[in-house]
Number of protein chains: 2
Amino acid sequence: MGFSAAEENYIKAIWKLQKDNTNVTTNALSEALKTKPASVTDMLKRLKDKNILNYLPYYGVQLNAEGQQAALLIIRRHRLWEYFLAEKLKFDWDAVHPLAEELEHINSPELTNRLDAYLGYPQIDPHGDPIPNIKGQMPVTTRIALADYALNQPAVVSGVLNQSSELLELLKHKKITIGATIEICRRFEFDGSLEIQLQDLPLITLSSYLAQNILVKPLQL
Amino acid sequence: MGFSAAEENYIKAIWKLQKDNTNVTTNALSEALKTKPASVTDMLKRLKDKNILNYLPYYGVQLNAEGQQAALLIIRRHRLWEYFLAEKLKFDWDAVHPLAEELEHINSPELTNRLDAYLGYPQIDPHGDPIPNIKGQMPVTTRIALADYALNQPAVVSGVLNQSSELLELLKHKKITIGATIEICRRFEFDGSLEIQLQDLPLITLSSYLAQNILVKPLQL
DNA sequence: CCAATAATTTAGATTTGTCTAAATTTTGAT
DNA sequence: ATCAAAATTTAGACAAATCTAAATTATTGG
Ligand SMILES: [Mn+2]
Ligand SMILES: [Mn+2]
Ligand SMILES: [Mn+2]
Ligand SMILES: [Mn+2]
């Protein structure tokens with residue numbers, strides 16, 4: 001019941017695209033995986049034979065329960081390695097993903113679980129995304145874009161929608177980190193820009209586009 | 001200039017068999033890699049095209065300088081991961097090898113060198129084998145089998161010739177670890193068995209076969 | 001030195017994962 | 001409802017890595 005690295009990448013991509021219960025299309029997968037649609041069709045047929053998804057030719061695909069469980073365990077490995085790379089090896093945010101993309105394919109429950117224990121059972125990865133536990137369960141975190149958050153309500157920065165080094169550079173410059181407390185002081189209708197306060201630092205300005213890429217959740221009091 | 005995982009396994013296997021400057025044979029490789037001789041021939045042709053070895057059909061193969069350097073960097077990754085698994089994740093000796101066999105193929109100098117630094121630049125892996133440095137250089141350690149070591153000369157246990165769980169079980173039972181100080185008190189001609197002293201514990205007996213699989217070096221005073 | 005045996009290579013096939021080009025199906029606009 | 005465009009699948013090819021069976025080359029004992 002093992003999957004190849006290529007199969008695992010497809011499983012993960014389908015899982016991510018399947019968020020809202022719609023069928024995942026061949027083109028969406030080919031874009032996500034940087035392969036051609038014809039290659040996707042081939043792989044979907046193979047994965048269907050392994051009984052981890054429902055594939056209706058021309059109408060897309062959905063992981064079944066077994067496929068979702070497989071996806072969550074791959075994502076668990078990916079995010080635990082990302083946490084290791086950032087926390088222990090001091091890699092930047094934008095460097096961990098490509099390495100975790102390889103490390104995730106080493107499928108040894110013993111390794112994964114020992115790594116988890118060694119890291120202290122982290123709950124979120126360096127991008128703020130939740131890490132599935134040993135059973136594949138993931139806490140449902142309700143996060144919303146800072147752009148859509150209420151005025152004068154303290155929030156915690158809890159993730160990003162974009163993991164590029166460009167975003168990282170900007171966040172570093174503005175000293176915004178995951179876990180930081182933030183509050184919107186003003187929202188300008190003209191361009192959607194925000195004036196925010198981080199901890200007790202002076203007010204700073206964020207563009208609308210930046211605010212759309214920062215995820216926050218209400219601060220628990 | 002990258003190699004596939006399969007190619008890297010061949011490179012490493014050739015390197016290990018090439019110890020004494022003799023040509024490495026197709027059969028020896030097929031045995032080491034658990035593949036058929038025909039598959040080895042195919043791969044040797046491919047690696048020859050990549051200019052990392054000298055291959056003379058019917059007469060075996062030898063890594064050239066570039067091939068040896070490649071081998072040492074793979075071995076570096078392998079042993080650093082073994083060290084990580086044993087030291088940080090508390091894996092037993094006999095469990096680290098198969099995992100390192102996969103981890104070694106992630107070829108990122110940045111990852112390897114950060115891991116090295118994080119681990120404190122270890123010199124030997126959990127089996128006592130030396131870890132090549134960032135340049136691929138490996139300290140030449142002169143180790144000899146305990147079976148061949150002199151009487152009443154303190155020595156340091158510095159490796160094993162066999163990495164099986166059976167040997168590990170026996171060494172654990174006898175409390176023999178890598179780095180321990182050991183001294184042969186008597187050698188019995190009848191069966192080659194040894195009476196040895198470990199630290200200041202009571203004398204224990206080792207079979208000839210066991211002593212052939214333990215590597216030692218003279219204790220530096 | 002030569003024949004039997006051992007070692008090695010060649011030939012041909014298979015699986016995985018990808019591609020391009022062509023055919024087919026679905027969708028959407030009139 | 002029809003038809004052009006878009007999405008998808010099929011057909012056929014290829015590279016990597018492996019296998020089995022057959023052919024070839026090297027070795028060695030008498
Ligand atoms: Mn991956
Ligand atoms: Mn992540
Ligand atoms: Mn390997
Ligand atoms: Mn080792």
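Heavy atoms only: backbone and side chains are in, while hydrogens, waters and symmetry mates are out. Worth saying up front: this structure is predicted, and the values here are computed from it rather than measured. Letters A, B, ... are given to chains in the order of the sequence lines, protein chains preceding strands, and every chain is numbered from 1.
A straight line from NE2 of His105(B) to P of dA17(D) spans 11 Å, rounded to a whole angstrom. Taking atom OH of residue Tyr10(B) and atom P of nucleotide dA17(D), one finds them 9 Å apart after rounding to whole Å. Computed from coordinates, the Leu47(A) CG to dT18(C) P distance equals 11 Å when rounded to whole Å. For the pair Glu31(A) CD and dA6(D) P, the interatomic distance rounds to 15 Å; values are reported in whole Å. Atoms NZ (Lys50(B)) and C1' (dA16(D)) sit 10 Å apart, rounded to a whole Å. As rounded to whole Å, 17 Å separates atom P of dA16(D) from atom CG of Asn9(B). Rounding to whole angstrom units, CG of residue Leu33(A) and C1' of dC19(C) are separated by 15 Å.
For Ile184(A), the side chain to side chain contact (heavy atoms under 4.5 Å, CB included) criterion is met by Leu146(A), Tyr149(A), Leu151(A), Arg187(A), Leu194(A), Ile196(A), not counting sequence neighbours. Pro98(B) meets the side chain to side chain contact (heavy atoms under 4.5 Å, CB included) test with no other residue; sequence neighbours excluded.
Listed by first and then second residue, the salt bridge (charged side-chain N to carboxylate O under 4.0 Å, His left out) pairs that reach into residues 21-34 of chain A come to none, sequence neighbours excluded. Applying the salt bridge (charged side-chain N to carboxylate O under 4.0 Å, His left out) rule to pairs touching residues 107-123 of chain A yields Arg76(A)-Asp116(A), Glu110(A)-Arg114(A), sequence neighbours excluded. The salt bridge (charged side-chain N to carboxylate O under 4.0 Å, His left out) pairs that include a residue from residues 131-146 of chain B are Asp129(B)-Arg143(B), where partners are two or more places apart or lie in different chains. Identified under the salt bridge (charged side-chain N to carboxylate O under 4.0 Å, His left out) test for residues 37-62 of chain A, with sequence neighbours left out: Glu7(A)-Lys50(A).
We find the CG-OG distance between Asn213(A) and Ser164(A) to be 8.0 Å, quoted to the nearest 0.5 Å.
An angle of 0°, rounded to 10°, separates the two end axes of the helix from dC1(C)-dG30(D) to dT30(C)-dA1(D), each defined over five pairs.
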Practice task
At under 4.0 Å between heavy atoms, which parts of nucleotides 3-16 of chain C does protein reach? Answer with one letter per nucleotide, 5' to 3': B base, S sugar-phosphate only, - none.
Solution key: ----SBBB-----S

Distance-only criterion, 3.5 Å: show the donor-acceptor pairs between side-chain atoms of residues 79-94 of chain A and protein atoms not counting sequence neighbours.
from	atom 1	to	atom 2	distance (Å)
Arg79(A)	NH1	Pro130(A)	O	2.7
Glu82(A)	OE1	His127(A)	ND1	3.1
Glu82(A)	OE2	His78(A)	NE2	2.8
Glu82(A)	OE2	His97(A)	ND1	3.3
Lys90(A)	NZ	Glu87(A)	O	3.0
Asp92(A)	OD1	Lys172(A)	NZ	3.1
Asp92(A)	OD2	Lys172(A)	NZ	2.7
Trp93(A)	NE1	Pro126(A)	O	2.8

